Amino acid sequence: MKTFFGIVAVLIVMLGLEGCIVPFSPPEVTAADKFLVVDGFLNTGAKDSSRIQLSYTQLVTNKNAFTAAVGAQVIVEGNKGSVYNFTEIGKGLYRLAPRAFNEAEQFRLRIRTSTRKEYVSSYVEVKQTPPIDSITYKIAADKSAVQININTHDPRAKTRFYRWKFEETWEYRMSLYSLYEVKNNSIIDRVENINTCWSSEKPSTILLASTIKLTQDLIRDIPITNVPTSSNKMLVKYSILVKQYGLTQEGFEYWTNLAKTTETTGSLFDPQPSQVTGNINSTSDSQELVFGFFSAVTPQEQRIFITPSLGRYEWCVPTDTLSAAEALKTHDLLLSEYWPEGARVPQYITGDHACTDCRTRGGTIIRPSFWQ
């Protein structure tokens, strides 16, 4: 998992419901200093764990993986005396198991790094998130893409500021099917189906919207993502899981100001009217930069499946027909048996891995537990 300050990503910020979508890139870190980056929130939903990712900024020219902040203490403190300790589960990721929280309490994040530096956020209120009304999709007239939209509303008109994340999963199949495999110098029936796979992505895209200028706290047909048909994600079956988060006005303004600053200066360290660093600060050095915004929120989520059969199979042809002795030595995969007329032993039709084994495309043959 890469932080948004260490990689090139695209954020889409919807500053209202006037249909204005403004793409921008996160600030590029061009200074050699390392600053703490905090990514995560307190999940007050009592069903899912809370996760905080700690890392350090790095130069955009650095092609290595981000530097995780390991060995830290991560604590959430309530203003009524509650204390919750996170457990490090590896690579700078810290987890708090699901539990019930006092939603009338305010919470803050406290971090003590392995270098004995301490950081603390301001206290934040628990933000309730209304349920997602529906996730819909629309196929382009020329069938070049499928647009995924979201609908939600808060009848209490207390949310007003929204954020979404999403995860895509799709099923795909290869044009050739392997029925046999070689094991222990013998040709046997293939045990695993390597023709069908599932692949997933968690785009770094961040989506924000506000209804503050509307009379109703109502979101209608806000685009979540646009899936090109050429990606072949829609060829067999596609699923999207959308997570919705209510934001405080301060949290929404943090992301909005970050977008404006980046668009006008191009770099976080260029001269700028204000430094956008969130609600987390060093307890010993008020001038030290800390990136990230801590919030406490009860999220909502919804998943849909789509089977529009849009895309195009990459058709392949078998590579060869081999005797059993030759089939034992080939690097290709065994598709099927072929019995020449009058033959006493079969021959085997072979195919290339790239056309037969779906795992070569980065997917897994393990069917997701949620798949329908």
Side-chain angles (χ1 to χ4, degrees), residues 1 43 45-51 89 93 95 97-98 129 131-140 143-152 163-181 189-207 221-245 298-316 333 335 351 353-372:
M1 177 179 178
N43 189 328
K47 292 183 179 180
D48 296 319
S49 60
S50 302
R51 294 172 182 264
I89 59 177
L93 183 60
R95 177 183 179 273
T129 306
I132 297 172
D133 291 335
S134 64
I135 302 171
T136 62
Y137 68 93
K138 182 178 181 180
I139 301 174
K143 297 185 178 182
S144 62
V146 178
Q147 180 175 293
I148 312 295
N149 302 320
I150 193 165
N151 298 279
T152 188
R163 176 183 174 184
W164 295 280
K165 293 183 179 180
F166 65 93
E167 178 179 350
E168 301 172 289
T169 304
W170 61 95
E171 179 181 334
Y172 64 95
R173 298 169 188 168
M174 309 304 286
S175 60
L176 299 181
Y177 196 101
S178 173
L179 289 172
Y180 302 98
E181 61 182 324
D189 292 340
R190 181 172 290 281
V191 176
E192 297 177 323
N193 176 7
I194 60 171
N195 175 262
T196 302
C197 275
W198 291 264
S199 194
S200 294
E201 286 183 359
K202 293 182 179 181
S204 57
T205 306
I206 294 177
L207 300 169
D221 291 327
I222 289 295
I224 292 296
T225 187
N226 200 59
V227 185
T229 300
S230 59
S231 68
N232 278 344
K233 293 180 180 180
M234 295 285 179
L235 185 56
V236 180
K237 182 180 285 189
Y238 172 92
S239 178
I240 184 170
L241 174 66
V242 180
K243 296 185 178 182
Q244 178 169 283
Y245 308 87
T298 302
Q300 301 283 348
E301 64 180 46
Q302 189 175 125
R303 179 185 293 280
I304 66 167
F305 289 84
I306 305 174
T307 54
S309 300
L310 295 175
R312 185 175 62 183
Y313 279 104
E314 182 181 337
W315 294 107
C316 300
L333 296 175
L335 305 181
H353 283 258
C355 294
T356 310
D357 189 347
C358 60
R359 296 170 296 185
T360 61
R361 305 292 176 92
T364 174
I365 62 174
I366 300 174
R367 181 187 178 98
S369 59
F370 58 81
W371 204 250
Q372 298 178 359

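For clarity, every value in this text was computed on a predicted model and none was experimentally measured. In this chain, numbering begins with 1 at the start of the sequence shown.
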Residues that Glu168 engages under salt bridge (Lys or Arg N to Asp or Glu O under 4.0 Å), provided they are two or more places apart
Lys233
Ile365 side chain reached by Asn193 side chain, heavy atoms, under 4.5 Å
no
Test of understanding: with salt bridge (Lys or Arg N to Asp or Glu O under 4.0 Å), list the residues that count as partners of Arg367, not counting sequence neighbours.
none
Taking only residues two or more places apart in sequence, or in another chain, which ones meet Thr196 in a side-chain hydrogen bond (donor to acceptor under 3.5 Å, both in side chains)?
none
Tell me, please, which residues at least two apart from Thr152 pass side-chain hydrogen bond (donor to acceptor under 3.5 Å, both in side chains).
Gln244
Residues passing the side-chain hydrogen bond (donor to acceptor under 3.5 Å, both in side chains) test with Asp133, sequence neighbours excluded, are His153
Do any side-chain atoms of residues 306-316 form donor-acceptor pairs under 3.5 angstrom with protein atoms, and if so which ones, sequence neighbours left out?
from	atom 1	to	atom 2	distance (Å)
Glu314	OE1	Arg361	NH2	3.3

Residues which pass side chain to side chain contact (heavy atoms under 4.5 Å, CB included) with Ala97, listed by chain and number, not counting sequence neighbours:
Arg95, Arg99
With no hydrogens and no angle check, do the side chains of Ser200 and Thr169 hold a donor and an acceptor under 3.5 Å apart?
yes
Student check: side-chain heavy atoms of Arg51 and Ile89 closer than 4.5 Å:
yes
Who passes ring pair (Phe, Tyr, Trp, His ring centres under 6.0 Å) against Tyr180, sequence neighbours left out?
Tyr348
Give a yes or no on this: more than 12 heavy atoms of other residues, nucleotides or ligands lie within 6.0 Å of atom NZ of Lys237.
yes
I'd like to check the salt bridge (Lys or Arg N to Asp or Glu O under 4.0 Å) partners of Arg163; sequence neighbours left out, ordered by chain and number.
none
Ile240 vs Ile304 side-chain heavy atoms within contact, under 4.5 Å:
yes
By side chain to side chain contact (heavy atoms under 4.5 Å, CB included), Asn232 pairs with (sequence neighbours left out) Leu235
By side chain to side chain contact (heavy atoms under 4.5 Å, CB included), which residues pair with Ala140, not counting sequence neighbours?
Asp142, Ser144
Do Met174 and Tyr172 have side chains that approach each other closer than 4.5 Å (heavy atoms only, starting at C-beta)?
yes
Let me confirm one number: the CG-CD1 distance from Asn149 to Ile135, rounded to the nearest 0.5 Å.
10.0 Å
Can you check whether Gln302 reaches Ile150 side chain to side chain, under 4.5 Å on heavy atoms?
no
Checking Thr136 now: which residues fulfil side-chain hydrogen bond (donor to acceptor under 3.5 Å, both in side chains) with it, not counting sequence neighbours?
none
Closest non-hydrogen contact found for Phe370 with Phe305 is O-CZ, 3.4 Å
Carefully, step by step, assess Arg190 and Glu192 under the rule salt bridge (Lys or Arg N to Asp or Glu O under 4.0 Å).
CA-CA 6 Å; Arg190 181 172 290 281; Glu192 297 177 323; 5.9 Å; no
